[in-house]
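Here the structure comes first, spelled out in structure tokens, and everything after it is commentary.
Both backbone and side-chain heavy atoms feed into the values below; hydrogens, waters and symmetry mates do not. Within every chain, numbering begins at 1; the chains are lettered A, B, ... in the order of the sequence lines, protein sequences first and strands thereafter.
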Amino acid sequence: MNTTPTTPSLHIATWNVNSLNVRLPQVLQWLAENPVDVLCLQELKLVDEKFPHAELAAIGYAAQAFGQKTYNGVAILSRLPLHDTMRNIPGFADEQARVISATVDARTQGEIRIINGYFVNGQEPGSDKFQYKMQWLEHLHALVHEQLRLHPRLVLLGDFNITPDDRDTWDPVGLKDTIHHTVEERAAFQSLQALGLHDAFRLFPQAEKSFSWWDYRMLGFQKNRGLRIDHILVSNALQASVTQCSIDRAPRKYPKPSDHAPVIVTLG
DNA sequence: ATGCCTTGCTTAGCAAGA
């Protein structure tokens with residue numbers, strides 16, 4: 001008889017909900033059907049006073065939130081204990097709520113440091129917003145570098161607003177050098193990987209034209225004109241334990257959907 | 001295509017997203 005206790009697998013997901021106020025029923029429904037251990041959200045578009053802690057607690061999730069009025073906002077929802085929450089990037093003054101980090105106590109699986117980011121969009125290469133994007137990416141790189149030193153078991157995930165390469169866009173020719181496709185953004189993505197992080201989605205064979213975001217306009221989803229810009233990067237120490245990574249397109253078919261779909265990674 | 005949706009803010013069109 002095998003008496004060795006089986007280590008339960010751990011599921012961590014990311015989802016840009018484009019307003020938690022509008023999408024809360026969908027988040028609750030999705031969690032009921034996909035009871036992941038940790039769900040990281042972006043684009044809450046609400047202040048912390050309006051964060052729906054009670055509704056999430058009712059289905060077993062505690063949350064650490066970092067919101068602001070109208071724009072941005074990030075949160076970590078977890079069924080496992082969270083501690084050592086950090087907001088934004090220390091040393092980088094930023095009016096915008098874009099990063100929340102916390103340590104998840106995964107019990108038999110040990111502790112995992114989570115960095116959840118809503119990366120800057122950048123609007124257009126050469127614009128002020130693009131400059132802000134590149135500066136923000138530089139400071140995020142420094143933060144991840146430091147956090148990896150303190151926490152070798154680390155996951156960096158969220159809405160990166162970067163297509164890592166031409167496989168990650170529906171139109172690599174027509175969209176060449178446009179926002180999310182520039183050499184500079186892709187170099188920043190690669191320099192994050194160079195810290196010892198791995199794109200979990202690419203650790204496995206995947207269907208061609210796999211995307212995580214589709215424009216609301218022009219029947220983007222129906223025509224699968226999308227981008228893969230939502231990512232889960234795992235550190236060297238975690239890479240061997242990753243057994244699956246997938247994009248769940250189902251919520252993009254809900255009535256009044258977010259324009260992003262959740263991405264889920266399985267560890268162990 | 002300076003367009004197409006969606007959301008928030010405020011209540012009539014903007015700003016911003018990607």
ask   = So what does A:N16 hit on the nucleic acid, given a heavy-atom distance under 4.0 Å: a base, only sugar-phosphate, or nothing?
value = sugar-phosphate
query = Among B:dG8, B:dA18, B:dT6, which nucleotide sits nearest the side chain of A:N161?
reply = B:dA18
key: Sugar-phosphate only, base, or nothing, as touched by A:Y118 at under 4.0 Å among non-hydrogen atoms   = sugar-phosphate
task = Using only heavy-atom distances, determine whether the side chains of A:D248 and A:W30 contain a donor-acceptor pair under 3.5 Å.
result = yes
query = Over how many whole Å does the gap from A:L175 atom CG to B:dA1 atom P extend?
reply = 13 Å
query = Going by distance alone, is a donor N or O of one side chain under 3.5 Å from an acceptor N or O of the other, for A:E111 and A:H151?
reply = no
query = In this structure, are over 12 heavy atoms from other groups packed under 6.0 Å from A:K176 atom NZ?
reply = no
ask   = CZ of A:R217 versus C1' of B:dG17: gap in Å, rounded?
value = 8 Å
message = From CG of A:N121 over to P of B:dT7, roughly how many Å is that when rounded to an integer?
response = 17 Å
inquiry  = Distance check, P atoms only: B:dT10 and B:dA15, in whole angstrom units.
reply    = 14 Å
request  = Identify whether any heavy atom of A:D159 sits under 4.0 Å from a base atom; if not, whether one sits that close to sugar-phosphate; answer base, sugar-phosphate or nothing.
outcome  = sugar-phosphate
query = A:D168 pairs by side chain to side chain donor-acceptor pair (under 3.5 Å) with which of A:H180, A:R228, A:K209, A:H181?
reply = A:R228
Option from A:V17, A:N16, A:L41 for which side-chain contact (heavy atoms from CB on, under 4.5 Å) with A:R23 holds = A:V17
note = Taken to the nearest whole Å, CG/A:D230 to P/B:dG17 is 15 Å
key: salt_bridge(A:R186, A:D166) N-O dist < 4.0 Å   = yes
ask   = Does A:K256 offer a backbone N or O that forms a donor-acceptor pair with the side chain of A:Q26 under 3.5 Å?
value = yes
message = Syn if the chi torsion is within 90° of 0, anti otherwise; quick check, which is B:dT10?
response = anti
request  = Return no unless some side-chain N or O of A:S19 is found under 4.0 Å from OP1 or OP2 of B:dT6.
outcome  = no
query = CG of A:D215 versus P of B:dC4: gap in Å, rounded?
reply = 11 Å
message = With a 4.0 Å limit, can you tell me whether A:H260 has a side-chain N or O closer than that to the phosphate oxygens OP1/OP2 of B:dG17?
response = no
query = With rounding to whole Å, what would you report as the distance between B:dC14 and B:dC4 at their P atoms?
reply = 12 Å
Identify the pairs formed between an N or O of the protein and an N or O of nucleotides 9-11 of chain B at a distance under 3.5 Å, and give each distance.
{"from": "B:dC9", "atom 1": "OP1", "to": "A:T70", "atom 2": "OG1", "distance (Å)": "3.0"}

ask   = Considering only the C1' atoms, how many Å lie between B:dA12 and B:dA1, rounded to the nearest integer?
value = 24 Å
task = Report yes if a side-chain nitrogen or oxygen of A:N18 is closer than 4.0 Å to either non-bridging phosphate oxygen (OP1 or OP2) of B:dT7; otherwise report no.
result = no
task = Nearest-nucleotide wise, let me know which of A:M218 and A:Y71 is further upstream toward the 5' end of DNA chain B.
result = A:M218
task = Working to the nearest 0.5 Å, report the span between CG of A:N236 and CG of A:L154.
result = 11.0 Å
query = On a whole-Å scale, what distance lies between the P atoms belonging to B:dG13 and B:dT2?
reply = 23 Å
5' priority, DNA chain B, between A:H180 and A:N21 [closest heavy atom] = A:N21
inquiry  = What contact category does A:R225 fall into here, base, sugar-phosphate, or nothing, at under 4.0 angstrom with non-hydrogen atoms?
reply    = nothing
task = Send over the distance from A:E43 CD to B:dA15 C1', rounded to a whole Å.
result = 13 Å
inquiry  = Tell me whether the side-chain N/O atoms of A:K256 come closer than 4.0 Å to OP1 or OP2 in B:dC5.
reply    = no
key: Below 4.0 Å: OP1/OP2 of B:dT7 and any side-chain N or O of A:R23   = yes
Over 12 non-hydrogen atoms of neighbours within 6.0 angstrom of CD in A:E33 = yes
inquiry  = How many whole angstroms separate atom CG of A:D259 from atom C1' of B:dG17?
reply    = 7 Å
Between P of B:dG17 and CG of A:N72, the distance in whole Å = 8 Å
